[in-house]
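Quick notes on the structure that follows.
Computed from a predicted structure; not experimentally measured. Throughout, protein chains are lettered first and strands after them, A, B, ... in sequence-line order, and every chain is numbered starting at 1.
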Amino acid sequence: MAAPTVSEPQLPVRARVRVRSWAAPGHIRTPWYLRGREGRIERALGAFPNPEQLALRQPADPVPLYRVRFTMAEVWGKAAETPTDTLDAEIFAHWLEPLDAA
Amino acid sequence: MPHDHDHSHDGAVPHDHTGMSPSGHPYRPDQDTALSYWQVMEIAVRELAVERGLITPAEIAAQIETMDARSPANGAAVVARAWTDPAFKARLLADASEASREMGFDIGPLRLIAVENTDEVHNVIVCTLCSCYPRNLLGLPPDWYKSRAYRSRTVKEPRRVLAEFGLTLPESTTVRVHDSTADMRYIVLPARPEGTEGMTAEALAELVTRDSMIGTGLPRSPGA
C-alpha cells in the first residue's frame, strides 16, 4: 500500500473516483462493500489522522477525507432495491483512484 | 397485580410476556457465561489505570453518568431552532458542529454534518463498521442501531428497513443512506410537520423524536 501523504491533489466536488480494491490487513475504515465501486466526490472534509497508522500507535499523517456518493445501482448492481437511491460514505484520499482525466 | 407489571390480566388481551416471570416480575437471564476476551481486557486495563493512579473509579463513574445524561432532547432543541430560525438552519447545514456549539451543546471535537429531509429526499444514518452515533446530541445509541442486522441491511435495503420502522416512502422520494465510516457524525434535520405554524421552538422540540433524527422515523404531528 502506498504511504499516504498530504500532498495528494485535492479532488473537486463531483469528481469521479473509484475506491481501491486493496485487501490490506489492519484497522481499515474503508468498508469492503464499497471497494472497487465508483462514485463522485460529494464534499471534501479536510484532513484527518490516518486511522491505519493510529491503530498501530504510529505517528499518523493527516490525510484528506472525502464524502463519496454512490448510487445503489453501482454498489449492489441488479440486486439494488431502488437503483437511484444513494449511499454516502467517508473515504480517505489514499483509497480513492481519480477517474477524470487530469 | 404484582408490582412492576403495569397491565391487568382481566381483559385477557394477548400480550407479550418476554422477560417476565410467570409471577409477573421482569427479569433477564443471569449472565452466567464466562467473560469474553475483550471483557477481560477492559477490566484489566481499567484496573491497571486505577492502580497506577491515571484515573479514579469516581472519575469513571462520573463519565458514565455524563454519557447517560445526554438525551435526544439536545438534538431536538437544535432541530426546532432550525425550523424556526432560517439563518440558524443555514449555519447548521453549513457547519453543524459550530451551530451546535452556538446553542451551548458541548460537543467536544465532534465533527457533525446535518442532512436535511425534504419532499424529494429522505436521509437515514448508519455506521456499518461499528456504531458511530452523534452521542453528544442524541445520547447513547439505541440497541438496534448497533445490531448487525441494522448495520448490514440499511445500506442494502433501506426502504425495507424503514418500512419495518413504520415508514413507507414513495418511490418519488430519493433515499440517501449515510454510512459514518470515519471522522464525521450525522444528524438528520427532519422536515417540519404540517399544522405547526406559529408554534414556539420549545413546543416544536416536543415533536422531534430520536428516530426522526436518525432517519428511521418522522417527527410527531401536533396533537398526535
Side chain from CB out, backbone as N, CA, C, O: work out which of these in A:L87 comes under 4.5 Å of a heavy atom of chain B, or both, or neither. both

Given the rule in the side-chain contact (heavy atoms from CB on, under 4.5 Å) test, do B:V115 and A:D88 qualify, once you have shown the distances and angles that lead to the verdict? CA-CA 11 Å; B:V115 287; A:D88 289 11; over 6 Å; no

I would like to know whether B:V177 and A:M72 meet side-chain contact (heavy atoms from CB on, under 4.5 Å); could you show each step before the answer? CA-CA 10 Å; B:V177 180; A:M72 289 297 188; 3.6 Å; yes

Verify, without hydrogens or angle tests, whether A:W76 (side chain) and B:V155 (backbone) share a donor-acceptor contact under 3.5 angstrom. yes

Side chains of B:K156 and A:E81, heavy atoms from C-beta outward: is any pair under 4.5 Å? no

Do the side chains of A:D85 and B:R159 get close enough for a salt bridge, i.e. N-O under 4.0 angstrom? yes

Shortest non-hydrogen contact from B:C132 toward A:R29: SG-NH2, 4.2 Å

Side chain, backbone, both or neither: which part of A:P51 has a non-hydrogen atom closer than 4.5 Å to chain B? neither

Say whether, by atom type as modelled, one donor and one acceptor occur between the side chain of A:E90 and the main chain of B:D183 under 3.5 angstrom. yes

For A:Y33, which atoms come within 4.5 Å of any heavy atom of chain B: side chain, backbone, both, or neither? side chain

Tell me which of these, B:V121, B:T174, B:L129, has more heavy-atom pairs under 4.5 Å with chain A than the rest. B:L129

For A:A89 and B:T181, the nearest pair of non-hydrogen atoms, with its separation, is C-OG1, 3.9 Å

Count the heavy atoms of every other residue, nucleotide or ligand shown that sit under 6.0 Å from CG of B:D143, and state whether that count exceeds 12. no

Select one option (side chain, backbone, both, neither) describing which atoms of B:R111 are under 4.5 Å from chain A's heavy atoms. side chain

Which region of B:S180, side chain (C-beta onward) or backbone (N, CA, C, O), has a non-hydrogen atom less than 4.5 Å from a non-hydrogen atom of chain A, or is it both or neither? both

Between atom CD1 of B:I113 and atom CD of A:E42, what is the distance when rounded to the nearest 0.5 Å? 7.0 Å

For B:Q39, is the CD atom crowded, meaning more than 12 foreign heavy atoms sit under 6.0 Å from it? yes

Is it true that, when you exclude A:R14 itself, more than 12 heavy atoms of the residues, nucleotides or ligands shown sit nearer than 6.0 Å to its CZ? no

